[in-house]
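Have a look at the structure below before the remarks.
Both ligands and their constituent atoms are indexed starting at 1 by order of listing. Index from 1, following the sequence.
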Amino acid sequence: LNAATRFSAILEGRRSISAYPEHKVRRVAQITTEVTGAIERIDAVKTGFAMADFGAWGPVIEREEERSELKYPLSYAQKGEVGAIFSPIRDGDVYPELAPIPDDPRILSNHIKSLGYFLKADAVGICELPQWAVYARDVERDPIVCDHKYAIVIISQWGYETTKASTGDDWISDSESWLSYNESAHIACTMASYIRRLGYPARGHLQTGNEHVPGYDVILTPLLVLAGLGELSRPGWALHPYLGGRFKASVVTTDLPLLPDKPIDFGLQAFCRTCKRCARHCPSRSISDADHKIDDYGYGGYRSYEFDWERCTKYRLMNQNGAYCGVCVKVCPWNKPKAWWHDIVRRSVRSAPRLDPLWVKLDEWLGYGKAHPELKWWFDLEEVDGHMRIPPRSPDNAFWQTEGTPTDEWKKLRADTTTEPRMRS
Ligand code: SF4
Ligand code: SF4
């Protein structure tokens, strides 16, 4: 393969097998988040769930953090059983020689992104890996070393129909996240193994559901922004222009020669300033509704809206209405499925921000962001002391356990019936 070799339109980058029209999103030279100072490397123990696990907020929160794995049976199946498979296979031996493939970073990037889409990723982006986006130490206080040059960021979405049905903090909430964690973890581990087989080092970074089982060595949000997959939102998550926050992500870090994507600007900064819907609906009041950002978001260096991640973490762990919480994702106007009429609004947000208040009002008026119990397909269940029960506050109590008084019509019919009713065999 030499410079004169002809490649397909996909490998050349003139076509993509992505499900979303990524080429339509405006690319910019700089991320839309202002960075005002040096960004510190932080320890993995400084994340909310690790702090809860170590008892930083007392024994009740620590107990609920431990119980969270068992609390809902579907979450347990996803994180306790399936999720645990991925950690041991996220890294491995590198094949001793390079495979005979092109070394052009542009061709290799299009190949790797197409591989992501082949493996059913919803979006894939590439950036250089800054060392400040690598945790300094793991929860056991051992230094984390990850000096690969590039990060490949892989997004898997939550299903829109289930998000639409859910309140955002009911019993399916955690499972929606875990669906995406496991799908993106599978893609990351497969991709990392493939790259190692080509002769380049590569490591998958993924959610294991247990702070003591190695998963992420890198911090996701800045990598999503740097890789052109999102902008930083009011609650501090990265929002994708076609999925909102309705996704989870895994990462592959590698030395395979790649061409980084440029960051994106789809108008989110002006839109978040106007919208504030997540702040109004957050059950723990963790999201600021201020008009102005502050300088220190918690890692130092980012300019962003204030966010109380301690309150958020505590609510997610102590939630009595379900498992964890994603209300801010559920109510966000950006989480819509693909449709041409949503694309018109997306285009307007980008080109005419003065219309943002109109779109926010229209979205609310049309009822987006509300729960749709008529679409509910899961059972609310909670494990308590080794037994499954219908949680006390679940609407399933009313649905399954209502015993009404027989109607007069039934009593008359019953009196006329000489035989006992029988189940159909
Ligand atoms: S996850 Fe729930 S508690 Fe946390 S910020 Fe979002 S809405 Fe608020
Ligand atoms: S709900 Fe509104 S303010 Fe919150 S992240 Fe989404 S667009 Fe931004």
Side-chain angles (χ1 to χ4, degrees), residues 32-33 47-49 51-52 57 61 64-65 68 158 163 166-178 180 220-221 224-225 230-248 264-293 297-298 304-336 342 345-346 348-350 353 355-371:
T32 54
T33 306
T47 55
F49 294 117
M51 288 182 70
W57 299 314
I61 304 276
E64 287 303 294
E65 205 281 336
S68 63
W158 311 352
T163 306
S166 164
T167 61
D169 62 348
D170 50 13
W171 292 88
I172 200 66
S173 306
D174 187 30
S175 295
E176 292 186 278
S177 296
W178 274 93
S180 305
L220 269 183
T221 303
L224 282 156
V225 173
E231 284 187 67
L232 198 66
S233 67
R234 181 173 281 274
W237 323 137
L239 287 197
H240 184 270
Y242 290 91
L243 298 169
R246 191 168 49 82
F247 67 85
K248 291 292 178 193
I264 55 175
D265 178 355
F266 55 97
L268 186 68
Q269 302 313 307
F271 195 86
C272 272
R273 193 161 46 241
T274 303
C275 169
K276 304 181 180 177
R277 189 188 285 175
C278 51
R280 283 199 301 279
H281 288 267
C282 170
S284 68
R285 297 269 175 264
S286 305
I287 305 170
S288 162
D289 65 355
D291 289 330
H292 302 291
K293 299 178 180 178
Y297 168 60
S304 183
Y305 294 101
E306 202 166 358
F307 179 76
D308 192 334
W309 51 274
E310 182 177 332
R311 281 179 80 96
C312 168
T313 309
K314 285 178 177 171
Y315 178 78
R316 291 162 99 182
L317 292 172
M318 296 297 292
N319 179 8
Q320 302 295 302
N321 300 310
Y324 288 81
C325 175
V327 170
C328 47
V329 172
K330 151 85 189 177
V331 299
C332 178
W334 289 90
N335 75 26
K336 306 278 193 311
H342 297 321
V345 180
R346 285 186 184 100
S348 160
V349 168
R350 202 171 54 219
L355 295 180
D356 288 356
L358 171 72
W359 298 126
V360 172
K361 281 210 169 61
L362 189 65
D363 199 85
E364 200 120 23
W365 184 73
L366 289 172
Y368 285 112
K370 289 202 172 116

| said: Do the side chains of K276 and D291 get close enough for a salt bridge, i.e. N-O under 4.0 angstrom? | reply: yes
- prompt: Just wondering, is there an N, O or S atom on C328 that's nearer than 2.8 Å to atom 4 (Fe) of ligand 1?
  reply: no
side-chain contact (heavy atoms from CB on, under 4.5 Å) filter on R285, not counting sequence neighbours, yields R311
side-chain contact (heavy atoms from CB on, under 4.5 Å) filter on K314, not counting sequence neighbours, yields W57, I61, E310
inquiry  = Is a donor from one side chain sitting under 3.5 angstrom from an acceptor on the other, for Y305 and D289?
reply    = no
Taking the basic N atoms (NZ, or NE/NH1/NH2) and the acidic carboxylate oxygens, is any pair closer than 4.0 Å for K370 and E364? no
Looking only at protein heavy atoms, what sits closest to atom 1 (S) of ligand 1 is C325 O, 3.5 Å
F307 heavy atoms within 4.0 Å reach ligand 1 at atoms 5 (S)
For C282, the ligand 1 atoms with a heavy-atom partner under 4.0 Å come out as 3 (S), 5 (S), 7 (S), 8 (Fe)
One finds that the ligand 1 atoms under 4.0 Å from a non-hydrogen atom of P283 are 7 (S)
**Prompt:** With the threshold set at 4.0 Å, does a side-chain nitrogen-carboxylate oxygen contact exist between K336 and D363?
**Reply:** yes
Residues passing the ring pair (Phe, Tyr, Trp, His ring centres under 6.0 Å) test with F271, sequence neighbours excluded, are W334
for atom 3 (S) of ligand 1, nearest protein heavy atom and its distance come out as S284 OG, 3.2 Å
The protein heavy atom nearest to atom 4 (Fe) of ligand 1 is C312 SG, 2.4 Å
Regarding S166 and D170, is there a side-chain donor-to-acceptor distance under 3.5 Å anywhere?
-> yes
So, leaving waters aside, the tally of protein N/O/S atoms less than 2.8 Å from atom 8 (Fe) of ligand 2 stands at 1
